[in-house]
Amino acid sequence: VQLQASGGGLVQAGGSLRLSCAASGFTFSTYAVGWFRQAPGKEREFVAAINWNGMSIYYADSAKGRFSISRDNAKSTVYLQLNSLKPDDTAVYYCAARSGTAQINTSYDYWGQGTQVTVSS
């Protein structure tokens with residue numbers, strides 16, 4: 001089982017990034033996927049989640065209107081589009097997968113290694 005997060009980088013405030021989470025080793029199309037982030041000295045926090053068929057999507061208040069989650073089950077990949085980035089969005093972003101419904105807590109079965117997003121002011 002593997003979740004590979006990628007797409008992070010250094011961007012100026014107001015810029016955009018698209019994160020990808022590529023899955024392998026399990027039946028990805030039946031799993032919900034969530035994105036979380038963790039800044040230095042802070043707890044890991046929920047960002048967005050999508051259920052197995054993309055029909056249910058959840059966002060943290062901080063992500064609403066700026067971030068967009070989507071999935072392509074044919075490619076076993078979930079995307080997180082980050083727009084209008086702010087310095088407060090600087091964190092390591094993690095993707096995670098769970099069987100059943102998408103959740104906004106950390107009760108996920110599998111976790112990726114994270115990708116660093118740094119937003120400069």
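Both Leu82 and Val11 sit in one connected hydrophobic cluster of ILVMFWY residues. Membership requires side-chain heavy atoms under 4.5 Å apart, directly or through other members. Under the 4.5 Å side-chain heavy-atom criterion for Ile, Leu, Val, Met, Phe, Trp and Tyr, Leu10 and Leu17 are members of distinct hydrophobic clusters. Trp35 and Phe46 end up in different hydrophobic clusters when Ile, Leu, Val, Met, Phe, Trp and Tyr side chains are linked at under 4.5 Å. Both Tyr94 and Tyr58 belong to a common hydrophobic cluster when Ile, Leu, Val, Met, Phe, Trp and Tyr are linked at side-chain heavy-atom distances under 4.5 angstrom. Connection of Ile104 to Ile57 is not established within any shared hydrophobic cluster, with ILVMFWY side chains joined at heavy-atom distances below 4.5 Å, either directly or through further cluster members.
For Asp61 and Lys64, the salt-bridge test passes: some basic side-chain N is under 4.0 Å from an acidic carboxylate O.
Side-chain contact check for Lys75 versus Ser20: every heavy-atom pair is 4.5 Å or farther apart. Side chains of Phe36 and Tyr108 form a contact here, defined as non-hydrogen atoms less than 4.5 Å apart.
Side-chain atoms of Asp89 do not come within 3.5 Å of backbone N or O of Val117 as any donor-acceptor pair.
Classified by interplanar angle (parallel below 30°, tilted 30° to 60°, perpendicular above 60°), the ring pair Phe26/Tyr110 is tilted.
Across all their heavy atoms, Asn51 and Arg71 have their closest contact at O-NH1, 2.8 Å. For the pair Ser68 and Tyr59, the tightest heavy-atom approach, listed with the atom from each and the gap, is CA-OH, 3.3 Å. Shown here for Trp52 and Thr30, the closest heavy-atom pair between the two residues is CB-C, 3.7 Å. When all heavy atoms of Ser16 and Ser84 are compared, the pair lying nearest together is OG-N, 4.3 Å. Of all heavy-atom pairs between Gly25 and Val1, the closest is O-CG2, 3.7 Å. The shortest non-hydrogen separation linking Arg98 to Tyr31 is C-CD2, 3.2 Å.
Taking OG of Ser121 as the start and NZ of Lys86 as the end, the distance is 14.0 Å to the nearest 0.5 Å. Note: Arg44 CZ to Arg37 CZ = 13.0 Å, rounded to the nearest 0.5 Å. Rounding to the nearest 0.5 angstrom, the gap separating the CD atom in Gln2 from the SG atom in Cys21 is 10.0 Å. Atom-to-atom distance recorded for Met55:CE and Ile50:CD1 is 10.0 Å, nearest 0.5 angstrom.
Legend: residues meeting side-chain contact (heavy atoms from CB on, under 4.5 Å) with Thr115, ordered by chain and number and at least two apart, are Ala5, Leu19, Tyr93. Judged as a side chain to side chain donor-acceptor pair (under 3.5 Å), and not counting sequence neighbours, the contacts of Thr118 are Gln116.
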| message | Could you go through Asn73 and Phe28, starting from their C-alpha distance and side-chain angles, then the distance that decides it, and tell me whether this counts as side-chain contact (heavy atoms from CB on, under 4.5 Å)? | response | CA-CA 7 Å; Asn73 285 343; Phe28 174 80; 3.3 Å; yes

